[in-house]
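Shown next, in C-alpha cells, is the structure this report addresses.
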Amino acid sequence: MTTKDVSVWILGDQLVDAHPALRHAEDLAGRQNVRVVMVESDSRIRRHPYQRKKLVLLLSAMRHYAAELRAQGYEVDYRQAPSMQAGLQEHCRSVETATLVTMAAADHGGRRWQHERLADALGLPVTVVPNTQFLIGRFDPFPESQPGRRYVMEHFYRAMRRRFGLLLDDTGGPEGGRWNLDAENRKPLPKAARPPAPRSFAPDAITLQVMAEVEAAGWGVGAVDGFDLAVTRAQAEAAADDFLARRLPDFGAYEDAMSSASASVYHSLLSPYLNLGLLEPLALARQAEAAYRKGRAPLNSVEGFIRQVVGWREYIAWQYHRLMPDLAAANAWNAHRPLPGWFWDGDTAMNCLRTVIKRALDGGYTHHIERLMVLCNFALLAGLDPAAVNEWFLTAYVDAYEWVVTPNVLGMGLNADGGLIATKPYLASGSYIDRMSDYCDGCRFQPKQRLGPEACPFTTLYWNFLIAHEAELRSHPRFGPAVLGLSRLAPAEREAIRAEAAGMLSLMSC
Ligand code: FAD
Ligand code: SF4
C-alpha cells in the first residue's frame, strides 16, 4: 500500500501504550500511511445514566491520548457523533480509507459487532486484532473449558502465577510456602488509623473543558465537582507509584476493613486506570513484587494485591467471556424485588448503606468489601432483582464496564449464576459489618438484634434468608456450617423472624 489508506480505530477504554492495532497497521502500510480515528459516541455515553466523574475521566483520558498521538506525529481524526457507527462511517466518507484495523473490544456486544457487522456497515475490510489489555489474551489456564462446569479462582490464580513467574521461590513454588495468604487479610482498622489519601490531580484545561461539557449535558449521576483522577499514563503511573510506596505495606492486613474516615483505606484506587489501558496489569504486579523483594512491603500485602490484579481481575474477565450472553439474565435465586428508591440518594436509616451509597454516587468509588459485603450482601438478602442491581453498579462507579460489573455483581455478589463464578454465596449478618467497620457505632439499629424496633435489617434478613433457603444451603459444601445455627431456633422464633423480615421488605418496596 502506498497511499495513506489504513485507518486505526482506537476505542475509548483501550488507551494502551504501543497500541497493537497501530502496530499492526504500521506493519501493513508503513507509519506514514496510517491514520487514527477516535469517536465520542453520544448514544454510547447515554446508554446508562453514568457517573459524571466517570464520563469526565473517560472523555478527558481519550482527548489526552489523542493529543499524545498527535505529538508523536500521528494524524488523528477525533470525532463526536450520534453513534459509534455513524462516527466511523463519517470518517470513512471523509478520508480515503481502504481498510480499518481495530483491537477486540473488552465487552461482549462490542466484540461481536466488530467481528460480525462492522465491515458491512463501513463497506470496507476490517481486521480485529486480539485484545492485549488482559493476560488471558496471552495465556488461558483452562483452554478446554466446558459450559456449565465450575472453575475455581484459586486454581486459575496459581496457574497465572506459575505462567508469569510471579512471587515464586527458587523451586518454582509459592514465595513463603503458601499460595494464598487470605487469612492474613482480615483485620479491622484501628480507630486511630488514618490511611494516606490516594494521589490526586488538579484538572488541566482539557479536563476543565470536559467537566463543563458533562455538567451542561445534564446527564448522569453524581457531580463533576471534585474530579481529581489521573487522565494520562504519566499521571496513572504516578498514582501507582504513590500506592506502592505509601499504602501497599498495609494493604494486606486491612484489605477487608471498612471505615467512615476513609473510602479507600489502604486500597490502590487503580481500577479506573487499569480498565482504560493507562496501566498494564502485569507491569503493576511486577512492581508490587519488586517492593516485596526490596523489603518495602510484607508478603501478605504483596500476595494479596497480586491475587487481586492477576487472580481476580483476570478470572472475572475470563468468566465473562465464557458465560456471556446468558450471564446477563441469570437469576438463580429467583429474586424480583425492585431496587429501593434510596439506592439513588442514599436516604436510608441504615448507616452502612447510607455511607456506601452516598460515597458511590458522589465519588464513584467504594472498595471491594463495601461492594460485596454491604451492597450485594443486602441485595441478595433482600431479594433484589439482579438485573436492576447490575444496572445500578454500571451507573454508579468510575471504574464500571460491562465485562467487570456483570460477573462481579451477578456471579460474585448475588450468586445469581448458580455458583459458576464464586464457590459460595457471600452472605453475612450485621455482626460481620460491625466487626469490620465503624458503621454500626453511628447507626440507629443494633447489629446483633434480629427482632424488635432496633433490629438490624442485615441480621433479620440474613436469618430470614437462611430459613427460606435452608434445604439448598444445608447441602452446600461451603455453607453448611452457617445453617447449623438454625437448629437452635425454636419454631416460634423462626416465625417471628419471617414476620419481621416481611415487614421490613414491604416497607422498603413502598
Ligand atoms: P484494590 O483492592 O486495590 O485491588 C487492586 C486491583 O485488583 C483493582 O484495581 C482491580 O483492578 C483488581 N480487582 C480486584 N478484585 C477484582 C474483581 N473482583 N474483579 C475485577 N478486578 C478486581 N471492579 C472494577 O474494576 N469495576 C467495577 O465496576 C467493579 N464492580 C464491582 C462490583 C461488585 C459487586 C464487586 C463485588 C466487585 C466489583 N469490582 C469492580 C471489583 C473490585 O471491587 C474493584 O476492582 C476494586 O474495588 C477497585 O478498587 P481498587 O482499585 O482500590 O482495588
Ligand atoms: Fe448496617 Fe446494621 Fe450496622 Fe446499622 S447496625 S450500620 S444497618 S450493619
Side-chain angles (χ1 to χ4, degrees), residues 13 47-51 54 105-112 134 136 142 145-153 156 271 275 308 311-340 343-344 353 356-357 360 366-428 461-462 465 468-469 472-473 476 478-479:
D13 61 352
R47 188 178 289 173
H48 300 280
Y50 289 111
Q51 166 62 251
K54 180 208 177 158
D107 72 290
H108 176 79
R111 196 173 282 194
R112 280 190 64 179
F134 300 93
I136 50 169
F142 306 121
S145 81
Q146 311 286 321
R149 199 181 136 189
R150 288 191 164 83
Y151 293 87
V152 179
M153 198 303 275
F156 179 99
S271 51
N275 296 351
Q308 304 314 308
W312 277 110
R313 185 172 188 272
E314 296 289 331
Y315 175 73
I316 283 291
W318 182 83
Q319 288 282 17
Y320 168 78
H321 287 290
R322 188 172 92 88
L323 300 175
M324 284 296 280
D326 296 351
L327 179 65
N331 193 354
W333 293 98
N334 204 16
H336 296 286
R337 197 174 304 282
L339 211 62
F343 262 77
W344 297 104
L353 277 164
V356 172
I357 289 173
T366 65
H367 75 64
H368 183 69
I369 295 301
E370 293 177 334
R371 300 186 205 204
L372 184 66
M373 298 309 294
V374 177
L375 292 162
C376 280
N377 183 23
F378 182 82
L380 178 55
L381 296 177
L384 302 186
D385 174 21
V389 180
N390 196 45
E391 167 84 14
W392 185 86
F393 271 97
L394 269 173
T395 296
Y397 284 86
V398 286
D399 57 4
Y401 298 88
E402 187 192 85
W403 68 263
V404 63
V405 172
T406 301
N408 267 306
V409 173
L410 295 173
M412 199 174 186
L414 302 182
N415 199 247
D417 62 343
L420 289 172
I421 293 176
T423 49
K424 61 167 186 177
Y426 287 91
L427 296 172
L461 295 177
Y462 172 79
F465 192 93
H469 301 287
E472 292 138 276
L473 294 171
H476 195 292
R478 293 198 60 197
F479 217 83

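As a basis for the values below, the full set of heavy atoms in this structure was taken, side chains included, without hydrogen atoms, waters or symmetry mates. Everything numeric in this text was worked out from a predicted model, so none of it was measured.
Leu427 approaches Asn377 most closely through the heavy-atom pair CA-OD1, 3.6 Å. Of all heavy-atom pairs between Trp333 and Pro425, the closest is CZ2-CG, 4.3 Å.
For Trp312, the ring-ring contact (aromatic ring centres under 6.0 Å, His included) test picks out Tyr315, with sequence neighbours left out. Among residues two or more places apart in sequence or in another chain, the ring-ring contact (aromatic ring centres under 6.0 Å, His included) test is passed with His48 by Tyr50. Scanning for ring-ring contact (aromatic ring centres under 6.0 Å, His included) contacts around His336 gives an empty result, with sequence neighbours left out. For Phe142, the ring-ring contact (aromatic ring centres under 6.0 Å, His included) criterion is met by Tyr151, Trp318, not counting sequence neighbours.
Here the NE2 atom belonging to His108 is positioned 9.0 Å from the NE2 atom belonging to His321, to the nearest 0.5 angstrom. With values rounded to the nearest 0.5 angstrom, Thr395 atom OG1 is found 8.5 Å from Lys54 atom NZ. Here the NE2-CG distance, from His367 to Leu372, works out to 11.0 Å after rounding to the nearest 0.5 Å. How far CE of Met412 is from OG1 of Thr406: 14.5 Å, rounded to the nearest 0.5 Å. Atoms CG and CD, on Leu410 and Gln319 in that order, are 12.5 Å from each other to the nearest 0.5 Å.
Panel note: side chain Arg150, backbone Thr423; no donor-acceptor pair is recorded below 3.5 Å. Within the 3.5 Å criterion, the main-chain N or O of Ala105 finds a donor-acceptor partner in the side chain of Arg111. Side chain of Arg112 to main chain of Asp107: no donor-acceptor pair is present (N/O by atom type, distance under 3.5 Å, no hydrogens or angles). Side-chain N or O atoms of His368 include none that pairs as donor or acceptor with a backbone N or O of Met373 at under 3.5 Å.
A salt bridge (Lys or Arg N to Asp or Glu O under 4.0 Å) check over residues 373-392, counting only residues at least two apart or in different chains, returns nothing.
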Distance-only donor-acceptor pairs under 3.5 Å for side chains of residues 397-404, two or more places apart:
{"from": "Tyr397", "atom 1": "OH", "to": "Thr366", "atom 2": "OG1", "distance (Å)": "2.7"}
{"from": "Asp399", "atom 1": "OD1", "to": "Arg371", "atom 2": "NH1", "distance (Å)": "3.2"}
{"from": "Asp399", "atom 1": "OD2", "to": "Ser271", "atom 2": "OG", "distance (Å)": "2.7"}
{"from": "Asp399", "atom 1": "OD2", "to": "Arg371", "atom 2": "NH1", "distance (Å)": "3.3"}
{"from": "Asp399", "atom 1": "OD2", "to": "Arg371", "atom 2": "NH2", "distance (Å)": "3.1"}
{"from": "Glu402", "atom 1": "OE1", "to": "Tyr320", "atom 2": "OH", "distance (Å)": "2.3"}

Stepwise side-chain contact (heavy atoms from CB on, under 4.5 Å) test for Trp392 and Val409:
CA-CA 10 Å; Trp392 185 86; Val409 173; over 6 Å; no
